[in-house]
Undergrad: 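Below: one structure in structure tokens.
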Amino acid sequence: MKTVLVTGGLGYIGAHTAVVLLERGYNVVLVDNLDNTRAEVLDGIEAIAGTRPRWDNVDLSDPAAVEAWWPTLPPVDGIVHFAAHKAVGESVAHPLKYYRNNLMSQALLLERVAQKPEMAFLFSSSCTVYGQAEHLPIAEGSPILPAESPYGNTKQIGEEMLQDAARAYGFSAIALRYFNPIGAHPSARIGELPLGVPQNLVPFVTQTAAGIRPALSVFGNDYPTRDGTAIRDYIHVVDLAEAHAVALERLLNRTSEEPVEVFNLGTGTGSTVLEVIQSFERSTGATLPWNFAPRRPGDVVAAYADTAKAERVLGWKTKRTLDEAMADAWRWQQHVLNSTSSI
Ligand code: WQD
């Protein structure tokens with residue numbers, strides 16, 4: 001049984017990936033300092049997977065803490081590295097919090113990989129590295145434009161750090177550039193858990209439909225798109241989690257063909273904000289109060305993935321639809337609202 005360390009393993013994508021890895025028979029160890037999640041997520045993972053993985057609460061950006069913790073782990077065959085701060089707006093206000101946390105934690109983990117180069121390393125990157133791409137759909141070879149935020153810059157620097165370390169220390173890694181992860185596990189036991197006012201569209205939609213927020217503001221209706229609202233590639237989080245298991249197997253089977261392989265993970269289809277609202281109302285029967293508001297600074301007009309490389313090399317593509325993601329997100333919202341533990 002191979003051991004996989006999932007950093008940020010109680011987070012949104014981390015928890016969904018932990019479930020898939022447990023279901024595929026891995027010995028999963030989670031590490032999460034609860035900076036942006038709740039310990040109760042572990043109960044949800046156990047409820048779905050039927051086993052309760054080990055979870056360590058460690059600040060991965062603290063060298064002394066990592067030094068003391070690492071020897072307590074079983075031999076690690078692979079690391080799936082999610083742990084990072086990820087709020088674009090917050091990163092503009094507090095850039096050093098982002099550079100310190102996101103880059104130091106990655107560097108400390110890569111030092112362990114350098115000591116055991118057969119260890120697989122999966123890096124959680126983002127389509128944000130492309131900025132406003134000139135050509136759509138966006139392929140992996142699309143130019144990396146200057147980052148629009150310190151958060152996006154930590155992803156760009158993180159990929160460069162990965163490239164340099166993989167070449168210098170002789171290990172193989174994969175960087176996965178997510179488009180817009182949405183939805184929740186169909187069991188409604190785990191899902192997106194934004195603490196405070198949601199920054200992302202779909203949790204704001206579900207909280208508005210649940211009456212927690214008065215109305216959704218649609219940021220901008222004058223974009224050069226089919227209905228004036230911005231376009232994104234919304235990928236179901238379970239599809240995303242399954243892609244991680246496929247990429248990990250590729251590394252563990254030593255079939256990767258270059259020190260760092262990069263894959264875009266999206267559906268290949270763009271949806272406007274209004275189409276997301278229509279999908280939500282169609283698939284849930286709920287009514288969503290919304291109104292137009294000014295554009296949000298830093299938003300790109302359109303971004304959606306060219307999925308050819310992931311299909312060709314990983315043999316992976318998305319299976320779930322936008323409507324399914326909306327229904328799963330709504331079911332999760334209702335579960336969180338109705339559950340006794342106020343996670
Ligand atoms: C989607 C669309 C908004 C909220 C960001 C990060 C990216 C990744 C995902 C971490 C945009 C519109 C949103 C609202 C709205 N994060 N919107 N009203 O900005 O594409 O991507 O989150 O990895 O790196 O950049 O996602 O969900 O914030 O916005 O109209 O209340 O919804 O303008 O067009 P985004 P988002």
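All residue numbers in this chain count up from 1 along the given sequence. Both counts, for ligands and for their atoms, begin at 1 and track the order of listing.
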Undergrad: Is it the side chain (CB and beyond), the backbone, both or neither of Y151 that lies under 4.0 Å from ligand 1, heavy atoms counted?
TA: side chain

Undergrad: Below 4.0 Å, non-hydrogen atoms only: which portion of T229 touches ligand 1? Side chain, backbone, both or neither.
TA: neither

Undergrad: Mind checking whether V276 contacts ligand 1 via backbone (N, CA, C, O), side chain (CB onward), both or neither, at a 4.0 Å heavy-atom cut-off?
TA: neither

Undergrad: Applying salt bridge (charged side-chain N to carboxylate O under 4.0 Å, His left out) to R52 and D43, what does each step give before you reach the verdict?
TA: CA-CA 8 Å; R52 191 175 186 86; D43 301 329; 2.9 Å; yes

Undergrad: At under 4.0 Å between heavy atoms, is it the side chain or the backbone of N200 that contacts ligand 1, or both, or neither?
TA: both

Undergrad: With backbone taken as N, CA, C and O and side chain as the heavy atoms from C-beta onward, which portion of L201 lies under 4.0 Å from ligand 1: side chain, backbone, both, or neither?
TA: both

Undergrad: Look at the rings of W332 and H335 and say which category their plane angle falls in: under 30° parallel, 30 to 60° tilted, over 60° perpendicular.
TA: parallel

Undergrad: Using the benzene-type ring in the case of Trp, are the ring centres of Y12 and H16 under 6.0 Å apart?
TA: yes

Undergrad: For ligand 1, note which part of A293 has a heavy atom under 4.0 Å away: side chain, backbone, both or neither.
TA: neither

Undergrad: Angle class for the W330/F280 ring planes (parallel below 30°, perpendicular above 60°, tilted otherwise)?
TA: perpendicular

Undergrad: For F171, does the six-membered ring have the charged nitrogen or CZ of K116 within the cation-pi criterion, i.e. under 6.0 angstrom from the centroid and within 45° of the normal?
TA: no

Undergrad: Kindly identify the option in V88, N180, T128 whose heavy atom sits closest to atom 21 (O) of ligand 1.
TA: N180

Undergrad: Short list, please: which atoms of ligand 1 are under 4.0 Å from a heavy atom of Y234?
TA: 1 (C), 2 (C), 32 (O)

Undergrad: Of the side chain and backbone of Q199, name the one, both, or neither that has a heavy atom under 4.0 Å from an atom of ligand 1.
TA: backbone

Undergrad: Just do the side-chain hydrogen bond (donor to acceptor under 3.5 Å, both in side chains) check on S125 and E159 with the steps written out, would you?
TA: CA-CA 8 Å; S125 190; E159 286 197 20; 2.5 Å; yes

Undergrad: Parallel under 30°, tilted from 30 to 60°, perpendicular over 60°: which one fits the rings of Y98 and Y151?
TA: perpendicular

